[in-house]
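Numbers restart at 1 for each chain; the letters A, B, ... are given by sequence-line order, proteins then strands. The analysis underlying the following values was restricted to heavy atoms, covering all of them including side chains, and did not include hydrogens, waters or symmetry mates.
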Amino acid sequence: MFSSAPASSLHPTHPAFGSRRPTLARCRSSLSSSSGAGPPPAANANHLIQTLCASGSLSRAAALLPGLPAPTQRTYESLLQAAARAGDAALAAAVHRRLESDPVFRSDPFLSTRLIDAYAALGALPAARQVFDEAPDKNIFVWNALLKALTLADHGDEALARLADMGRLRVPVDSYSYTHGLKACIAVSASHAPASARVREVHAHAIRRGYALHMHVATTLIDCYAKLGIVSYAENVFAAMPERNVVSWSAMIGCYAKNERPADAIELFKDMLASDADLVPNSITIVSVLNACAGVNALSHGKLLHAYILRRGFDSLVSVLNALMAMYMRCGCLEVGRRIFNWIGRRRDVVSWNSLISGYGVHGFGREAVQVFEEMVQVGLSPSIITFISVLGACSHAGLVDEGKKLFESMMDYSVKPRAEHYACMVDLLGRAGQLDEAVELIQSMHIEPSPQVWGALLGACRIHGHVEYAEMACSRLFDLEPRNAGNYVLLADIYSRAKLNDQVDVLKELLEEHGLEKVPGCSWMEVNKKIHSFTSVDNKNPPVEQLQALIGEFVAQMKNQGYVPDTDIVMYDIEEEEKERILLGHSEKLAVAFGLINTRGGEVIRITKNLRLCEDCHSVTKFISKFTEREIVVKDVNRFHHFRDGICSCGDYW
DNA sequence: TCGTCGAGCA
């Protein structure tokens, strides 16, 4: 990818190390002039501007700049950093212009770096690029600033190209270049080479240049492999490190958390505590483990951690309490989460509010979510990007179309520019409510490129309402954007199947086979006596399954007496009706419900998690079972919670 | 003389 410069080229006379003369010149002049009776006006003005920048009085600082005869490096730096903090692109540009006409500092690499940083923070990538291209003195800091700017703006491919340039131009790369380069591998939006291949390439290069064991590089590697789901590679990097600190341990714990391995996350957390008395977990470590529990509904593990948090005094940290509250809500305990939120009291931050809104949302309490949103605004907090994703999602789960539209339209009042995620929520909201034309119009009106999530929301709505034409439109984009996502093919096949377009179903099945893609098997799991039991639909070898299926069969027979007709349309095999019914009986969620009935006491809530959306048939059967057995059953599917009680589901059959 | 990079929650 990029050739390596010999180590000997890392020498102070190398062009990558900039000259420092201009800075010294101005320092000297400032020193000699201040040796008189008192500081001269220029020194005073420089100092004043720096003070104003630090206190956020930007307009006053900017007004002083034109009249200032000799700005110092520190003055330029203060102005640029303040402009970036305040989001003031005009000020950054004004400082840039002034700098270009300054004979002392115009080629100063330190200020080139600061300019690139400022433009990157302001989202002005073309300007950042221009500063780099025109910088006469490109030292390693200038190069790294460019890599960071490109990666931040999701131009990972360009960052990697520049990294390759560094090799060609014999600019010695350092640990910073590698960390940016690794992040760039993940930040590539569209490319032919998969991200994992790119990461491995940069990893190999880092090994050759002796940087793979560098603490920051290794930690970034763990995180990259974690994000790509290649847990074994992350484990290898972690195992090979000569030293570990709280960040690398947390990264590895986070890797297990991201990849749905809460038991391993907790085990590693225990190893960390046992490994070194001086190694103290911090809030990020705890939050990662809590998140691992929340991700797979491992409530008992989460409770153990709650005890640890109290014992060790971590409950003084709002970020830990936020994660704890999110864990309870994501494990189905909405009320416990609410109590923790109340307990946090005045220390609540935006994350606390967002968590509560999101918690109400996934449990189907849309009105409560909107109410919490309004309270949040009332107490004077500014809703963030995430706040709107949470509250729009809540509206969508509860079918609150008008409220959702109003909130979406109000976003700019809070200076939150709608992103693809917000459009995806809106398309989901409109589409599921049956307003498909409006959903399509919204997509067509987008000022940014619709993401796969946006098209996916449309496709999901088409499945509910049986709209073949729009489904094909969504898939024509999705097959381009996510050629390896089997779910899209399966959804379209399902829509065709319900429309009795069997030839088209066959075409899609062939496409799936051609691409070597497999439908993600349905999997449900539940915790009984601190042990997680999982069930897959295809798993017929497991002996207890027959017993579980027989039990479900009895319920279904009862239901049929009351007029229930199995929803065999969702089985896409060309087989007899009876065989289709047998397949429905084997759905993992039904098996888990049966297992829960047998292995828990009466009156105990049965809590199940499923990796996909609930199917209509499982939904009907679970409603019936909750009434027939007088049991409360809580199912968390990939999108939301369903609380089944007395034959009714909290989603109101709208999900 | 300066200085940049790593882990988390919604």
Side-chain angles (χ1 to χ4, degrees), chain A residues 18 20-21 23-24 27 72-74 77 81 108-114 116-117 120 139-149 151-152 173-184 211 214-224 226-227 234 237-238 241 244-258 265 272 281-292 294-295 317-327 329-330 337 341 348-362 369 372 376 383-391 393-394 421:
Chain A
R20 294 186 174 118
R21 260 175 293 123
T23 321
L24 289 173
C27 277
T72 61
Q73 194 189 39
R74 180 82 194 95
E77 185 188 21
Q81 286 175 338
D108 180 19
F110 178 83
L111 288 177
S112 300
T113 306
R114 288 287 177 260
I116 294 171
D117 286 345
N139 69 9
I140 187 71
F141 292 99
V142 180
W143 276 98
N144 288 342
L146 179 74
L147 296 183
K148 182 183 170 189
T151 305
L152 249 165
V173 294
D174 65 5
S175 65
Y176 295 83
S177 324
Y178 280 115
T179 48
H180 294 311
L182 286 168
K183 281 172 172 276
Y211 276 104
H214 182 282
M215 185 69 92
H216 284 181
V217 177
T219 307
T220 310
L221 275 166
I222 292 173
D223 190 47
C224 285
K227 284 181 177 137
V237 175
F238 185 67
M241 284 185 326
R244 297 168 179 177
N245 63 11
V246 65
V247 182
S248 52
W249 278 95
S250 301
M252 193 59 222
I253 289 170
C255 173
Y256 288 128
K258 282 189 196 81
M272 174 184 173
N282 60 20
S283 63
I284 296 181
T285 324
I286 308 284
V287 168
S288 296
V289 191
L290 278 171
N291 187 33
L317 301 173
V318 175
S319 61
V320 170
L321 291 174
N322 288 342
L324 188 65
M325 139 190 184
M327 183 278 293
M329 290 190 295
R330 289 173 67 195
F341 176 84
R348 287 169 203 143
D349 59 14
V350 181
V351 179
S352 326
W353 288 90
N354 290 352
S355 298
L356 188 66
I357 293 171
S358 166
Y360 277 128
V362 291
V372 173
M376 169 183 181
S384 67
I385 290 169
I386 307 284
T387 314
F388 279 104
I389 294 175
S390 307
V391 75
E421 294 98 308

Among B/dC9, B/dA7, B/dC5, the one nearest A/Arg330 by side-chain distance: B/dC9
Using a 4.0 Å heavy-atom cut-off, does A/Asp117 contact any base of the nucleic acid, only the sugar-phosphate backbone, or nothing at all? nothing
Polar side-chain atom of A/Arg348 near backbone of A/Phe341 as donor-acceptor pair, under 3.5 Å: yes
Output the single nucleotide from B/dA7, B/dG8, B/dC5 whose closest atom is nearest the side chain of A/Ala251. B/dA7
For the side chain of A/Asn144, counting heavy atoms from C-beta on, which of B/dA10, B/dC9, B/dT4 is nearest? B/dT4
Once you round it to whole Å, what is the distance between P of B/dA7 and CZ of A/Arg244? 18 Å
Interatomic distance, A/Trp143 CH2 vs B/dC5 C1' [rounded to whole Å]: 18 Å
Describe the nucleic acid contact of A/Ser288 in one word from base, sugar-phosphate, nothing, applying a heavy-atom distance below 4.0 Å. sugar-phosphate
Please give, in whole Å, the distance from B/dT1 P to A/Phe141 CZ? 13 Å
Side-chain donor/acceptor contact of A/Glu77 with base of B/dC2 under 3.5 Å: no
Please determine, for the side chain of A/Ser390, which listed nucleotide (B/dG6, B/dG8, B/dA10) has the closest atom? B/dA10
Regarding the side chain of A/Asn322, the nearest nucleotide among B/dC9, B/dG3, B/dG6 is B/dC9
With respect to the side chain of A/Asp108, which nucleotide from B/dC2, B/dT4, B/dC5 is positioned closest? B/dC2
Ring of A/Phe110 versus six-membered ring of B/dC2: centres under 5.5 Å and planes under 30°? yes
Once you apply a heavy-atom cut-off of 4.0 Å, does A/Met252 come out as touching a base, just sugar-phosphate, or nothing? nothing
Checking the side chain of A/Ser248 only, and the main-chain atoms of A/Arg244 only, is there a donor and an acceptor separated by less than 3.5 Å? no
Would you please confirm or rule out a distance under 4.0 Å between OP1 or OP2 of B/dC5 and any side-chain N or O of A/Lys148? yes
Could one point to a donor on the side chain of A/Ser250 or the base of B/dG8 with an acceptor on the other under 3.5 Å away? no
Under-3.5 Å donor-acceptor pair between A/Asn245 side chain and B/dG6 base: yes
According to salt bridge (charged side-chain N to carboxylate O under 4.0 Å, His left out), who are the partners of A/Glu77, at least two apart in sequence or on a separate chain? A/Arg74, A/Arg114
Results of salt bridge (charged side-chain N to carboxylate O under 4.0 Å, His left out) for A/Arg330 - residues two or more places apart only: none
Taking CD from A/Glu421 and P from B/dA10, how many angstroms apart are they, rounded to a whole number? 14 Å
B/dC9 phosphate, OP1 or OP2: any side-chain N/O from A/Asn291 under 4.0 angstrom? yes
For atom CG of A/Leu324 and atom P of B/dA10, their distance in whole Å: 13 Å
By nearest atom, which of the nucleotides B/dG8, B/dA10, B/dC5 is closest to the A/Asp223 side chain? B/dG8
Tell me every residue that passes ring-ring contact (aromatic ring centres under 6.0 Å, His included) with A/Tyr176, counting only those two or more places apart in sequence or in another chain. none
Between B/dA10, B/dC5, B/dG8, spot the one nearest the side chain of A/His214, thanks. B/dC5
DNA chain B contacts made by residues 350-359 of chain A, counting heavy atoms under 4.0 Å: A/Val351, A/Asn354, A/Ser355, A/Ser358
Where the side chain of A/Ser319 is concerned, which of B/dG6, B/dG8, B/dG3 is the nearest nucleotide? B/dG8
Which whole-number value in Å describes the distance from A/Ile116 CD1 to B/dC5 C1'? 16 Å
A/Arg74 has an atom CZ; how far is it from atom P of B/dG3, in whole Å? 12 Å
With sequence neighbours excluded, what pairs up with A/Tyr256 under the ring-ring contact (aromatic ring centres under 6.0 Å, His included) test? none
Which residues pass the side-chain hydrogen bond (donor to acceptor under 3.5 Å, both in side chains) test with A/Ser177, sequence neighbours left out? A/Asn144, A/Asp174
Between A/Lys258 and B/dG8, is there a side-chain N or O to OP1/OP2 distance below 4.0 Å? yes
Non-hydrogen atoms of A/Met376 and A/Pro383 that approach each other most closely: CE-CA, 3.8 Å
Nearest whole Å is fine: how far is B/dA7 P from A/Tyr256 OH? 18 Å
Evaluate the ring planes of A/Trp249 and A/Phe238, with Trp represented by its six-membered ring, and classify them as parallel (under 30°), tilted (30 to 60°) or perpendicular (over 60°). perpendicular
If you go through the side-chain atoms of A/Thr179, does one of them form a donor-acceptor pair with the base of B/dG6 closer than 3.5 Å? no
Looking at the side chain of A/Lys183, which of B/dG8, B/dA10, B/dG6 is the nearest nucleotide? B/dG6
